[in-house]
Amino acid sequence: MKYSRPRGTRDFLPEEMAARRSVEQRMRRVFVRFGYAEVATPTFEHLELITAKSGEEIVAHLYHFKDKGGRDLALRPELTAPVMRLYVNELQSSPKPLRLYYFGNCFRYERPQAGRYREFWQAGVELIGSSSPEAQAEVIALAKAVLDELGLRNYELHVGSVGVLRKFLEERGIAEGEQCRIMGIIDKGDEEQLEEELLKLGLSEEDRSAIAGVLELKGERSAVVSRAEELLAGREAALNELRELEGILDALESFGVREYTLNLGIARGLDYYTGMVFEIYASKLGAEKQICGGGSYSLAETFGGKPVATSGFAFGFDRIMLALEKDGVELGGEEGAKIMVIPFGEEYLDRAIEISALLRRSVACELEVMRRKVKKALSYASSKGIDYVVLVGEETERGRVLLKDMRSGEQREVDIEELERELAG
RNA sequence: GCCACGGUAGUGUAGCCUGGUUAGCACAAGGGACUGUGGAUCCCUUAGCCCGAGUUCAAAUCUCGGCCGUGGCCCCA
């Protein structure tokens, strides 16, 4: 092998590509059905755009480079920041809400493993301009609608809120920067470190156990909510945030989404999430089983725009493909009948070319270009799954060809003028 | 960045432990037997030891390093 692929990248062969396109197209249809319009952004952006959103640390996980003008650029590691930049640059004064969807490849310099590649694909949406419970619920319902449309069965939806905890901390006089740090620690799941940090911030024993208690809450809505209310008794700001979440859940249930886990332990480690967050896991996948992540956030101001409430999510497209496969979902891309034109020898080649060109006005057909004997050409057609073969020979002098049905083996003479109609039907 | 296992024609494999003929087999691909008819048979052809260094008279085989793959840890915007 002379040249190998760069690490963590993949080639997609025709069969796999057909399956990917079919899934992609069905995803798009659902996005469109919900009123979302597609946008696309560059494959690379200024490095600062990425670091503005995610901090300097992530440079270690980026493909970044200097171009010939000395500019620091990076291949996009995700699409939320580019899309919000696009919004700030071009769409701030368009009617609200703005519903955008995207689909594209992203790049991260990380160690490849199951469901993790250095080049991968994301599909997602942003609903910009509304902070209403129904807007936030809509994006969750949309994510679920896509998965259901695709026929995925084994997945779990977890809904939570980073707002509850943020308000709790805010009420205790803890600054936003500190809140973010705490959320990051929660996301890592390091309980000892969390306890330590909270102690340093001067939180009482009671506060600390309330936080630890809330973070463990996970399960059916009413049980989680009533327990959270007990733990948060007297913390009005946090309770308000809980009620806000309940409003979203009410709307979500109106959308018909009733199967979910209320999980107050989701922290999403990201500084820009403000309230509702959600994640979807495909239970059959391995270590990398999260197939979707999203929530409500405020990012426009980070990129120099006016603050605007936004909800959105991103699917890990490759992981969804893996999940569908593990679920045994059939992904055959639908195609029309396959047709092939074969000449009886070189003297009929020109005529065969003309006939194939004629047919292509309405159907897909391929021409025998190997100058093979009919026997070999038919053998090829057979192994390729060709449905109909048009044999071009002496009959062509009477304006006719032989049409052979490869399934039944039956064959008859047909006028060339009628051929197109025969095959289109 | 760390750990485990792996890497032989296009694909799947035998050989490796116990260094030593032309590295074997199956399928696939191209051609032919069959000059106007496929999914059958037979024949021929193409094509391989991941890369590099070391040990040795001799390395696919043993040792080390690298690259790549698979899975896991860390991380996961």
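Per chain, numbering begins at 1; letters A, B, ... match sequence-line order. Not measured: the values here are computed from a predicted model.
- Taking atom P on both nucleotides, B:C62 is separated from B:C43 by 36 Å, rounded to a whole Å.
- Comparing the same atom, P, in B:G10 and in B:G30 gives a spacing of 16 Å after rounding to whole Å.
- The side-chain hydrogen bond (donor to acceptor under 3.5 Å, both in side chains) test with A:Glu366 is passed by exactly one of A:Lys384, A:Arg360, A:Lys338: A:Lys384.
- Of the charged side-chain nitrogens involved, at least one lies within less than 4.0 Å of a carboxylate oxygen, so that A:Arg412 and A:Glu422 count as a salt-bridged pair.
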Criterion salt bridge (charged side-chain N to carboxylate O under 4.0 Å, His left out) on A:Glu418 and A:Arg421, from CA distance to verdict:
CA-CA 5 Å; A:Glu418 286 169 31; A:Arg421 206 175 326 122; 5.2 Å; no
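- Here A:Arg372 reaches the OP1 or OP2 of B:G30: one of its side-chain N or O atoms lies under 4.0 Å away.
- What separates OH of A:Tyr281 from P of B:C76 is a distance of 14 Å, to the nearest Å.
- A pairwise comparison of heavy atoms in A:Leu215 and A:Leu264 identifies CD2-O, 3.7 Å as the closest pair.
- For A:Arg10, the CZ atom counts as densely surrounded, since its 6.0 Å shell holds more than 12 non-hydrogen atoms of other residues, nucleotides or ligands.
- For B:G48, there is no paired nucleotide, since no Watson-Crick or G-U wobble pair has both relevant distances below 3.5 Å.
- When heavy atoms are screened at a 4.0 angstrom cut-off, A:Tyr380 is found touching no nucleic acid atom at all.
- The 12-atom threshold is exceeded at CZ of A:Phe255, counting heavy atoms of other residues, nucleotides or ligands nearer than 6.0 Å.
- Spacing between B:C17 and B:A59 at atom C1', rounded to whole Å, works out to 15 Å.
- Whole-Å rounding puts the A:Lys376 NZ to B:A28 C1' distance at 13 Å.
- Two residues, A:Leu285 and A:Phe344, neighbour RNA chain B, and the one matched to the more 5' nucleotide by heavy-atom proximity is A:Phe344.
- The interatomic distance linking A:Arg5 (CZ) with B:G7 (P) rounds to 18 Å, in whole Å.
- Nucleotides B:A60 and B:U70 place their P atoms 27 Å apart, quoted to the nearest Å.
- B:G1 atom P lies 17 Å from atom CD1 of A:Ile58, rounded to whole Å.
- OP1 or OP2 of B:G32 has at least one side-chain nitrogen or oxygen of A:Lys373 nearer than 4.0 Å.
- As a whole-Å value, the separation of A:Met370 CE from B:A29 C1' is 9 Å.
- Between A:Phe31 and A:Tyr101, the distance separating the two ring centers is shorter than 6.0 angstrom.
- The base of B:G36 sits with one of its N or O atoms less than 3.5 Å from a complementary donor or acceptor on the side chain of A:Glu395.
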What N/O pairs connect the protein and nucleotides 40-43 of chain B at under 3.5 Å? Give each pair on its own line.
none

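- When the P atom of B:C67 is taken as reference, atom OH of A:Tyr3 falls 19 Å away, rounded to whole Å.
- Nucleotide B:U22 forms a pair with no other nucleotide shown, judged by Watson-Crick or G-U wobble geometry with both contacts under 3.5 Å.
- Among the atoms of the strands shown, none is found under 4.0 Å from any heavy atom of A:Gln290.
- Residue contacts for A:Ala287: at a heavy-atom cut-off of 4.0 Å it reaches the sugar-phosphate backbone alone, with no base atom in range.
- Using a 4.0 Å heavy-atom criterion, one finds that A:Leu402 contacts the bases of the nucleic acid, with or without backbone contacts as well.
- Summarising the base pairing, B:C16 is matched to no nucleotide, lacking a Watson-Crick or G-U wobble pair whose two defining distances lie under 3.5 Å.
- Among the protein residues, A:Ile342 comes within range of no part of the nucleic acid, since none of its heavy atoms lies under 4.0 Å from any strand.
- B:U8 and B:A23 are spaced 8 Å apart, taking the C1' atom of each and rounding to whole Å.
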Take A:Glu197 and A:Lys200, measure what salt bridge (charged side-chain N to carboxylate O under 4.0 Å, His left out) needs, and give me the verdict at the end.
CA-CA 5 Å; A:Glu197 293 291 328; A:Lys200 260 191 247 171; 3.6 Å; yes
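- Searching all strands for a Watson-Crick or G-U wobble partner of B:C62 with both distances below 3.5 Å returns B:G54.
- Taking the side chain of A:Ala114 as heavy atoms from C-beta on, and the options B:G38, B:A77, B:G71, the nearest nucleotide is B:G71.
- Taking atom P on both nucleotides, B:U21 is separated from B:A40 by 38 Å, rounded to a whole Å.
- Within residues 38-47 of chain A, no residue approaches RNA chain B, by heavy-atom distance under 4.0 Å.
- Counting non-hydrogen atoms under 4.0 angstrom, A:Gly8 reaches the backbone sugars and phosphates but no base.
- Taking a pair to require two hydrogen-bonding distances under 3.5 Å in either a Watson-Crick or a G-U wobble arrangement, B:U70 pairs with B:A4.
- Taking atom CZ of residue A:Arg371 and atom P of nucleotide B:G30, one finds them 17 Å apart after rounding to whole Å.
- Between the side chain of A:Arg108 and the base of B:C75 there is no donor-acceptor pair of N/O atoms closer than 3.5 Å.
- If you measure from atom NZ of A:Lys404 to atom C1' of B:G39, you get 11 Å, rounded to the nearest angstrom.
- The phosphate of B:C74 (OP1 or OP2) has no side-chain N or O of A:Arg111 nearer than 4.0 angstrom.
- In plain terms, the two heavy atoms of A:Glu110 and A:Arg118 that are nearest each other are O-NE, 2.8 Å.
- As rounded to the nearest Å, B:U18 and B:U22 have C1' atoms that lie 24 Å from one another.
- The number of heavy atoms from other shown groups lying within 6.0 Å of NZ (A:Lys218) does not exceed 12.
- Taking all atoms of both residues into account, the shortest heavy-atom contact from A:Glu171 to A:Ala238 is OE1-N, 4.2 Å.
- The base of B:U37 sits within donor-acceptor range of the side chain of A:Gln411, with an N or O pair under 3.5 Å.
- For A:Glu394, whose side chain is taken as the heavy atoms from C-beta onward, the closest listed nucleotide among B:G36, B:C75, B:G38 is B:G36.
- Judged by distance alone, with hydrogens and angles left aside, the side-chain atoms of A:Arg76 form a donor-acceptor pair with the main-chain N or O of A:Pro42 at under 3.5 Å.
- For the pair A:Gly409 and A:Ser383, nearest-nucleotide mapping onto RNA chain B gives the more 5' position to A:Ser383.
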